Amino acid sequence: MKFSPKEIEEKWQKRWEEEKVFESKPDGRKKYYVLEMFPYPSGKIHMGHVRNYSIGDVIARFKRMAGYNVLHPMGWDAFGLPAENAAIKSGVHPREWTLSNIANMKEELKKLGFSYDWNREIATCQPDYYRWNQWIFLKMLEKGIAYRSKAPVNWCPSCQTVLANEQVDDEGRCWRCGTIVETREIDSWFLKITDYAEELLKDLELLKGHWPEPVITMQKNWIGKSVGAEVEFEVPEKGEKIRVFTTRPDTLFGVTYVVLAPEHPLTLKLAEGTPQEEEVKAFVEKMRRTEKRKRSTGELPKEGVFTGVYAVHPLTGERIPVYTANFVLMDYGTGAVMSVPAHDQRDFEFAKKYGLPVKEVITPEGEELKAEEMEEAYTQPGVLVNSGKFTGLKSEKAKEEITKELERLGKGRKSVQYRLRDWNISRQRYWGTPIPVIHCPKCGIVPVPEEELPVKLPENAPLTGEGRSPLARVPEFVNVKCPKCGGEAERDTDTMDTFFDSSWYFLRYCSPKEESLPFKPEEASYYMVVDQYIGGIEHAVLHLLYSRFFTKVLRDLGLFKEPEDGHQREFFKRGEPFQNLLTQGMVNKRWISVKNLLKALGLTEESTVGELIKALTGKEVKEEETIGSLMRKHHITVGDNAILLISTEEVRKFIEGAPEEVLKPYEEKFGEVSKMSKSKLNIVNPSEMVEKYGADATRLYVLFAAPPEAEFEWKTEGIEGAYRFLRRVFQFATENLESLKGEHSGELSKEGKELRRKTHQTLKKVGEELSERFKFNTAIAAIMELFNQITSFKPKTEGDRGALKEAVEKLIVMLYPFAPHTAEELWELTGHGELLTKTPWPEVDEEALKKEEVEIPVQVNGKVRAVISVPAGATEEDVREIALREPKVQKAVEGKEIVKFIYRPGRIVNLVVR
RNA sequence: GCCCGGGUGGCGGAAUUGGCAGACGCACGGGACUUAAAAUCCCGGGGCCGCAAGGCCGUGCGGGUUCGAUUCCCGCCCCGGGCACCA
């Protein structure tokens with residue numbers, strides 16, 4: 001029988017849909033919620049998606065067989081800039097663009113045969129989804145979690161929009177378009193995530209062992225908690241106080257100057273009327289023009305000016321100069337620092353540059369430190385010196401004591417700072433959730449009444465990519481009556497950051513059609529917490545932190561009904577949405593740039609096309625055009641994939657075979673491996689793979705190539721291997737249908753027993769991998785091993801035929817989570833009436849695992865010299881005797897004294913000889 | 001600079017508690033089938049020496065603990081990622 005994946009796949013996808021086997025409703029069974037990060041509908045499924053969803057599908061299908069009520073939903077993160085950019089470029093409405101992309105991608109997902117409950121599909125751009133964004137926002141507004149503030153924000157001049165700090169990369173570029181970000185002051189809506197900083201940090205403890213360690217660390221760093229003290233420095237001649245934050249109150253006596261951020265409100269105020277006023281003004285102005293990124297990365301040399309005034313040290317009463325400098329940032333701590341040059345490297349460098357005093361107040365235990373001899377700051381803890389009554393204390397103790405003293409004097413207090421900033425959710429864009437508030441000249445900010453939700457996006461906003469929000473240019477949207485006073489008022493014309501949409505979508509899946517609340521408390525109580533979440537590491541902070549924040553907020557709003565029992569109760573109580581997280585690695589592909597190809601061939605852009613052809617094929621042709629000129633003609637740059645160059649008509653006509661094949665040897669040797677991306681043209685289109693090899697082979701390969709969390713390099717040969725394996729299994733089963741369908745009983749031969757043992761060993765191994773370790777690559781390897789044993793097995797007895805039948809049957813079942821279509825087909829062909837999808841995962845027969853004889857390696861001085869076979873119940877004495885009888889062992893110990901005999905039952909023998 | 005993760009054949013990777021290093025697959029070599037090729041099937045393989053039996057070496061490098069180390073400890077090198085004038 002011929003193996004035709006296409007037919008098989010269509011057949012079973014249809015059957016599964018007809019029998020509604022992937023639909024889930026709350027029932028008496030234990031639930032299992034497996035979730036993959038929903039995709040942005042960019043147009044096509046890419047390999048990263050395939051990998052993500054294949055991992056999820058293996059888990060979902062296995063858990064279903066293991067008896068769980070599995071919730072496995074899919075939806076679309078459908079708001080966002082690309083749709084709007086497409087509209088600007090080609091005039092197509094963002095809704096149309098998005099919905100047609102969704103339709104296309106859904107088709108692709110269906111062809112891959114993922115076991116989703118499509119009844120629960122959601123798209124965040126639909127009013128019945130985003131109305132709940134608005135509802136949640138209003139609840140947050142009520143609770144004071146959402147607030148309005150004028151704040152310096154990151155403005156991307158290209159996207160014409162405000163970006164969150166998280167959306168600006170470390171080079172100060174927009175995360176989407178790469179344009180350098182500017183700073184602007186804008187009225188915006190913020191969410192007070194900082195109120196939850198402590199809880200978000202503390203609950204990371206609960207996630208340990210369930211989430212990958214790097215993700216936990218990244219979140220921890222992102223929240224960035226520092227414990228220290230706030231200290232006040234008075235400036236008597238101006239009647240002002242400078243508040244600073246420090247993590248080292250123990251170094252307070254070493255303060256020799258104070259520094260304000262240039263943007264600090266006191267900077268200009270203090271300098272007023274001093275001889276330094278003009279200089280300070282010029283400095284502040286200069287800093288305003290300096291890129292924020294450069295300021296905050298430390299790549300600029302330290303620079304500052306004296307403000308002309310002195311502050312008073314809170315404990316010693318000394319007069320110390322006040323400076324303003326570029327290295328102090330307004331948006332961390334209080335925007336001012338106390339400088340302790342002896343014990344802080346930045347302060348040290350600044351002090352040396354401007355000739356400010358260095359005063360040592362901490363020494364390493366048992367050592368002396370001289371300020372004048374220091375070449376860098378001593379930043380470790382130690383023992384206090386020159387610190388009045390605190391001299392002699394250790395740093396830790398001194399921190400406490402000095403803080404207490406400040407509190408007693410009313411000049412300071414204990415303080416905790418976080419790096420985490422509140423989340424700015426306002427976007428001056430069209431394709432997002434309208435913010436449901438009305439600005440009334442009389443009443444101020446008025447929330448849209450709940451019964452008027454959703455505030456729908458108008459269809460006809462002009463999308464030009466310029467100016468502020470497109471919604472501001474739709475009068476019938478903007479102009480409304482104030483719900484409070486009935487007077488003329490205006491709607492807010494901003495839309496929400498799309499991270500808002502994705503911060504709670506996993507809850508909506510629990511009740512996707514609910515009309516009176518974002519989700520039904522009983523349903524969320526049944527399905528939540530997500531048992532297994534799977535997605536890319538790129539969401540380690542943003543999406544995952546926001547989702548944790550939202551879940552905690554929704555819990556505090558009283559939207560959950562706490563479950564009576566269950567292992568996840570603790571996660572539920574703490575508002576943690578995802579119990580286990582798996583971050584899958586990237587799918588990479590080898591490619592070669594024009595630059596590297598030319599280098600490998602020993603050519604330059606000045607070489608002729610003729611020389612290129614000769615180097616590639618050995619053919620002599622007369623083509624005098626230079627490669628550089630050809631590249632300019634086709635807009636190819638040296639960083640582009642060389643495939644572009646080879647595919648130009650001028651080159652293509654001289655080479656035989658596909659351009660990919662011509663380049664392959666050069667890619668192997670001189671190419672590089674990077675993430676599949678459009679710009680590098682190193683993309684493998686999943687749908688083409690499904691077309692050519694089938695969904696099962698594509699999925700099997702992606703899962704077999706590497707463990708899920710590791711990166712892997714896509715190789716065409718690999719998917720061919722997966723295809724061959726499936727075909728061999730299919731062929732073997734269909735060629736042996738008679739014995740696989742029949743009833744067999746009787747005695748087993750030795751080989752028959754071994755086959756049974758292998759079958760149950762594999763079952764045990766695969767079961768463990770699927771439920772605990774998620775190392776799908778080794779699970780598949782084990783299945784392949786079993787298959788290799790099956791094909792070399794020659795049944796001798798009727799009982800043997802039974803063992804063979806059992807082995808193949810179990811193999812089909814084990815194959816199911818990875819290659820479900822092929823497995824279903826074989827299940828049916830081997831005479832099973834019920835869907836394999838509905839078949840329970842088989843039990844391991846512990847009896848079959850037992851061995852009569854065990855193979856034990858025998859080492860002499862740690863080197864393996866022989867392998868002996870001993871009866872399973874052999875005593876240490878028996879084993880010793882068998883080992884010593886072994887000729888190879890005898891040879892190795894000949895003429896030597898056996899000092900020690902080590903036996904680890906069932907594992908190893910080691911003879912120590914001298 | 002700080003914090004994670006990693007380094008094993010030609011390649012992807014395996015070794016679950018310190019116990020036979022290299023499972024499984026890919027690529028490769030040899031053979032069978034074929035007029036031939038492809039496909040398929042069988043066999044082979046870490047390196048060095050050897051006709052072979054066998055021996056020696058081998059998990060980034062150097063040391064240590066142990067009967068025994070890819071695994072544990074100390075010191076270093078390299079690669080990938082995150083954070084970073086954060087007070």
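Naming convention: chains lettered A, B, ... in sequence-line order (proteins, then strands); numbering from 1 in each chain. Not measured: the values here are computed from a predicted model.
Shown here is A:Glu877, whose CD atom has no more than 12 heavy atoms of other residues, nucleotides or ligands within 6.0 Å. The 12-atom threshold is exceeded at CZ of A:Arg590, counting heavy atoms of other residues, nucleotides or ligands nearer than 6.0 Å.
A donor-acceptor contact under 3.5 Å links the side chain of A:Arg346 to the base of B:rA87. Between the side chain of A:Asn910 and the base of B:rC67, at least one donor-acceptor pair of N or O atoms lies under 3.5 Å. Judged by atom type and distance alone, A:Gln859 reaches the base of B:rG19 through a side-chain donor-acceptor pair under 3.5 Å.
The phosphate of B:rG18 (OP1 or OP2) has no side-chain N or O of A:Arg904 nearer than 4.0 angstrom. Regarding contacts with the backbone of B:rA15, a side-chain N or O of A:Arg773 is found under 4.0 angstrom from either OP1 or OP2. The side chain of A:Ser226 contributes an N or O atom lying less than 4.0 Å from OP1 or OP2 of B:rA87. Distances shown here put every side-chain N or O of A:Lys863 at or beyond 4.0 Å from the OP1 or OP2 atom of B:rG54.
In this structure, A:Arg346 forms no cation-pi arrangement with A:Phe327, as its terminal cationic atom is not both closer than 6.0 Å to the ring centre and no more than 45° off the ring axis.
The aromatic ring centroids of A:Tyr693 and A:Tyr701 lie 6.0 Å or more from each other.
Note on A:Arg590: nothing from the nucleic acid sits closer than 4.0 angstrom, heavy atoms only. A:Asn788 comes within 4.0 angstrom of sugar-phosphate atoms only, judged by non-hydrogen atoms across all strands, and of no base. Across all strands shown, A:Lys775 has heavy atoms under 4.0 Å from sugar-phosphate atoms exclusively, and none from any base.
Distance check, rounded to the nearest 0.5 Å: CD1 of A:Ile790 to OG1 of A:Thr759 gives 6.0 Å.
Across B:rG60 and B:rG9, the matching C1' atoms stand 15 Å from one another, rounded to whole Å. Taking the C1' atom of each, B:rG75 and B:rG22 are spaced 29 Å apart, rounded to whole Å.
Closest to the A:Glu768 side chain, of the nucleotides B:rC83, B:rA14, B:rU16, is B:rU16. When each of B:rA27, B:rC20, B:rG13 is scored by its nearest atom to the side-chain atoms of A:Ile908, the top-ranked nucleotide is B:rC20. The side chain of A:Val337 has B:rA87 as its nearest neighbour among B:rC83, B:rG82, B:rA87. Of the listed nucleotides (B:rG54, B:rA87, B:rC24), B:rC24 has the atom at the smallest distance from the side chain of A:Met784.
Each of A:Lys900 and A:Val867 was matched to the nucleotide of RNA chain B holding its nearest heavy atom; the match closer to the 5' end belongs to A:Val867.
B:rG54 has its base anti relative to the sugar, with a glycosidic angle deviating from 0 by more than 90°.
Using Watson-Crick or G-U wobble geometry with both donor-acceptor distances under 3.5 Å, B:rG5 finds its partner in B:rC79. Under the Watson-Crick or G-U wobble criterion, with both distances below 3.5 Å, B:rG19 is paired with B:rC67.
The separation between A:Glu769 atom CD and B:rG13 atom C1' is 14 Å, rounded to whole Å.
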